[in-house]
Chemist: 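Sending over a structure as structure tokens; questions will come in a sec.
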Number of protein chains: 2
Amino acid sequence: MELRHIRYFLAVAREGNFTRAAARIGIGQPPLSQQIRDLENEIGTALFHRVPHGAELTEAGTAFLEVVAPFPDLAERAIRAAQRAGRGEVGSIRVGFTASAAFSPSVPRVFRDFRRSYPGVEMTLEEANSAQLVAGLRDERLDAVFLRQDTIAGDGIRLHVISSEPMVLVLPSGHPAAQREKVALSELRDEALILTPRAVGPTHYDKVVSACRDSGFEPQMGQIAPQLGSVINFVAAELGFSLVPKPMTQLQAKGVAYREIEGEVPIAQLSLAYRSNDISTALRNFVSRTLAAHQS
Amino acid sequence: MELRHIRYFLAVAREGNFTRAAARIGIGQPPLSQQIRDLENEIGTALFHRVPHGAELTEAGTAFLEVVAPFPDLAERAIRAAQRAGRGEVGSIRVGFTASAAFSPSVPRVFRDFRRSYPGVEMTLEEANSAQLVAGLRDERLDAVFLRQDTIAGDGIRLHVISSEPMVLVLPSGHPAAQREKVALSELRDEALILTPRAVGPTHYDKVVSACRDSGFEPQMGQIAPQLGSVINFVAAELGFSLVPKPMTQLQAKGVAYREIEGEVPIAQLSLAYRSNDISTALRNFVSRTLAAHQS
DNA sequence: AAGTAGCGGATATGGCGCAGTTCCATCGTT
DNA sequence: AACGATGGAACTGCGCCATATCCGCTACTT
């Protein structure tokens, strides 16, 4: 028995007449009659009573109909499911990001845009620090991550720098320097520098320290902030100053002022890193769209 | 797409290897490869990754598998359902019977035997008097009935007499005649005769009245019993006597004695009547087995 | 009542396309 | 170099469909 037989059977069952069923299917009445006869021979019982005005289902035909009626739709559904999967319209991807990456407007936009374009793909988001994200890629717990570093080591892992943003100073709002729109880094040579631990974000850490050194002074290490939000809070508490990527200025807090840097401005890169071995179609789509969104 | 494609796909998915799958199916590896290729072309996406040691499902292949995996079983189930229906192993029949017919041991045996042989057939049983049963056949509310009459009028209704049973006397156990094993009907010429109304069972009524007349007396009509059980109760109350088919002796009651009739014994026929137009296979089986059971 | 037309299913025949066989090439692994 | 696995090419036989026609039944007309 083939799906062809089932399609022919269903057509006759619906029309109650071989001639009309044949016309609907697009073949002649004699081959349709023969195909139904072949099916009845294979099953071993008649599916139709032939009557002068057409054909009526037998009890066997009724029982058969009840089971095979869904077949054409199921077949179509199988094809559609395969096509959607082949286009990456279903599946799942696990995406990580650092806190500061999330403040880049393009990152939430990429999430929003991808979700809208591929509603059938289950996208899981996870915030973590850079070290954790890299470990997650290596351990295959994450498929792609947004982070602020411009190189990554690891087999089967690719990284693309997708944007660069200038850093800005974060000062207590009562600080004398905060009265001006631009502040030279060297003015803060006597202030404590607040940073997250190097181990959680080495690239950012090194860039900030280098920027201070390039301005002619060795930074005085201040309070260690466990995470980015803490940096802002400590500055608000007048424990010192810091440097953050410009999009962080969205994080407003009482007692905190953001100021552009006078002179050479350190740059923070935003990168997309992802697993490139056995990449799923959904992930490939995600990466393509992310890179495309950052090309102009 | 045909079931053949699905069967071939499932074989490769299970074996992970075209060569072994082909061997399992019973065709060569090249035509299997071509058939899968045709399927992939029709769907428009690859279902397998070809790798050096065989083939692995793609995401599209996995999605396709999830939908089509049940197809072979469903196809088999459809064939089986049609075959069972064709053999009358499923369906429903509605059978009626009179109270006295139910006392014939063969009637419950037919019910028991049919239920065991065709567990998939839903058999509904209904007790009613003869007139109601005949009306039920005519109205197509019943498919077959056991009743005590030897003719029936009605288009599309057939009747077979399946057994004959002698009638016996039902007497109050204190009655002088009850002291003997055999009693002549004429001994009861002065006693009241208890019967069910003629309208509910004309054949039985007429036979009993004829038997009395053949014994030389006109019966004195006694209490009218609404149903058969009432007849026994009235006799126990010493309101008179009656005649019933011999199997009724199973209905024992205090104050009641059954006695064989001396002389000519009236006979009660048990018949099966059924609808014969558009007879279902299940009903045909029921009738066949009932007639076969009563042939020896 | 008989004859005819129309409708519908089934049989017979022929042809084309498809599925399977056979042989062999290519690639990757051992 | 040998082996295992997939896929291409040539060939053959079978199956599905088209076409012609027959048969049975019903309805209509004479």
Side-chain angles (χ1 to χ4, degrees), chain A residues 1-58 60-62 64-65 68 71-72 75 156 277-278, chain B residues 1-58 60-61 64-65 68 71-72 75 79 86 277-278:
Chain A
M1 181 170 76
E2 296 290 3
L3 280 176
R4 177 183 69 254
H5 295 108
I6 293 173
R7 286 195 283 265
Y8 292 176
F9 166 81
L10 290 173
V12 178
R14 175 170 44 214
E15 296 293 335
N17 176 304
F18 281 71
T19 306
R20 286 202 304 273
R24 178 179 285 269
I25 290 164
I27 68 172
Q29 177 270 322
L32 175 58
S33 179
Q34 187 57 52
Q35 288 286 303
I36 296 296
R37 183 61 60 124
D38 290 347
L39 178 58
E40 286 174 326
N41 286 340
E42 178 179 334
I43 294 179
T45 190
L47 301 175
F48 293 102
H49 283 306
R50 277 71 166 173
V51 298
H53 54 279
E56 296 167 350
L57 283 166
T58 58
T62 300
F64 189 73
L65 175 61
V68 301
F71 272 51
N277 285 346
D278 296 319
Chain B
M1 181 170 74
E2 297 288 2
L3 281 176
R4 174 183 75 253
H5 296 107
I6 293 173
R7 284 194 285 267
Y8 292 176
F9 165 81
L10 291 172
V12 178
R14 174 172 42 217
E15 296 293 336
N17 178 302
F18 282 71
T19 306
R20 286 202 304 271
R24 179 178 285 270
I25 289 164
I27 68 172
Q29 177 270 324
L32 175 57
S33 177
Q34 186 58 51
Q35 289 285 302
I36 296 296
R37 183 63 60 120
D38 290 348
L39 178 58
E40 286 173 327
N41 286 340
E42 178 179 334
I43 294 179
T45 190
L47 300 175
F48 293 101
H49 283 307
R50 276 71 166 174
V51 297
H53 53 281
E56 297 167 350
L57 283 166
T58 59
F64 189 73
L65 175 62
V68 301
F71 271 51
I79 292 175
N277 285 346
D278 295 320

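The chains referred to below are lettered A, B, ... by the order of the sequence lines, with proteins before strands, and numbering in each begins at 1.
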Chemist: Atom CG of B:L57 and atom CZ of B:R14: how far apart are they, to the nearest 0.5 Å?
Modeler: 12.0 Å
Chemist: If you go through the side-chain atoms of A:Q34, does one of them form a donor-acceptor pair with the base of C:dA10 closer than 3.5 Å?
Modeler: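 A donor-acceptor contact between them is absent.
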Chemist: Of the nucleotides C:dG20, C:dG9, D:dG8, which has the atom closest to the A:F18 side chain?
Modeler: C:dG9
Chemist: Closest to the B:P31 side chain: D:dC17, C:dG20, C:dG9?
Modeler: C:dG20
Chemist: Do A:E2 and B:R7 sit within salt-bridge range, that is, some charged N less than 4.0 Å from a carboxylate O?
Modeler: yes
Chemist: Contact class for A:T19 vs. all strands (heavy atom < 4.0 Å): base, sugar-phosphate, or nothing?
Modeler: sugar-phosphate
Chemist: Starting at the 5' end of DNA chain D and moving along, which residue's nearest nucleotide shows up first, A:G28 or B:R20?
Modeler: B:R20
Chemist: Between C1' on C:dA10 and CZ on A:R50, what's the gap in Å once rounded to a whole number?
Modeler: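 Those two atoms, CZ and C1', are 9 Å apart.
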Chemist: Which of the following nucleotides, D:dG8, D:dC16, D:dA5, is nearest to the side chain of B:R37?
Modeler: D:dG8
Chemist: Would you mind reading off the distance between A:H53 atom NE2 and C:dG6 atom C1', rounded to a whole angstrom?
Modeler: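 Answer to the nearest Å: 16 Å.
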Chemist: Of the nucleotides C:dG8, C:dG28, D:dG7, which has the atom closest to the B:P52 side chain?
Modeler: C:dG28
Chemist: Between C:dT11 atom C1' and A:D38 atom CG, what is the distance in whole Å?
Modeler: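 Result: 13 Å.
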Chemist: Quick check on side-chain contact (heavy atoms from CB on, under 4.5 Å): which of B:L39, B:L3, B:I25, B:D38 does B:Y8 satisfy it with?
Modeler: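 By the side-chain contact (heavy atoms from CB on, under 4.5 Å) criterion, B:Y8 pairs with just one of B:L39, B:L3, B:I25, B:D38: B:I25.
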Chemist: First locate atom CZ of A:R50, then atom OG1 of A:T58, and finally report the distance between them rounded to the nearest 0.5 Å.
Modeler: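 OG1 of A:T58 is found 9.0 Å from CZ of A:R50.
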Chemist: Would you say C:dG9 has OP1 or OP2 under 4.0 Å from some side-chain N or O of A:S33?
Modeler: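 No.
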Chemist: Look at the side chain of B:Q35 and the base of C:dG20, then say whether one donor and one acceptor between them are separated by less than 3.5 Å.
Modeler: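 Side chain to base: no pair below 3.5 Å.
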Chemist: Nearest 0.5 angstrom please: B:E15 CD to B:L10 CG, how far?
Modeler: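 The CD atom of B:E15 sits 11.5 Å away from the CG atom of B:L10.
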Chemist: If I take atom CD1 in residue A:I25 and atom C1' in nucleotide D:dA18, what distance separates them, rounded to the nearest angstrom?
Modeler: 15 Å
Chemist: Taking atom C1' of D:dG8 as reference, at what distance in whole Å does atom CD of B:Q29 sit?
Modeler: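 Those two atoms, CD and C1', are 11 Å apart.
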Chemist: What nucleic acid atoms does B:F48 come within less than 4.0 Å of, heavy atoms only: base, sugar-phosphate, or nothing?
Modeler: nothing
Chemist: Return the value, rounded to whole Å, for the distance between atom CG of A:L39 and atom P of C:dA10.
Modeler: 13 Å
Chemist: Between D:dT6, D:dC17, C:dC23, spot the one nearest the side chain of A:R4, thanks.
Modeler: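 Closest nucleotide among those given: D:dC17.
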Chemist: What's the spacing between A:F48 CZ and A:N17 CG if we round to 0.5 Å?
Modeler: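 Between atom CZ of A:F48 and atom CG of A:N17 there are 11.0 Å.
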Chemist: Tell me which nucleotide among C:dG20, C:dG9, C:dA19 gets nearest to the side chain of B:I27.
Modeler: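 Selected nucleotide (nearest to the side chain): C:dG20.
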Chemist: Side chain of B:N17, heavy atoms from C-beta onward: which of C:dT22, D:dT6, C:dG9 has the nearest atom to it?
Modeler: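 Ranking C:dT22, D:dT6, C:dG9 by closest atom to the B:N17 side chain puts D:dT6 first.
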Chemist: Nearest-Å distance, OH (A:Y8) to C1' (C:dA10)?
Modeler: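 The distance from OH of A:Y8 to C1' of C:dA10 comes to 17 Å, rounded to the nearest Å.
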Chemist: C:dG20 P sits how many Å from B:I36 CD1, rounded?
Modeler: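 Answer to the nearest Å: 11 Å.
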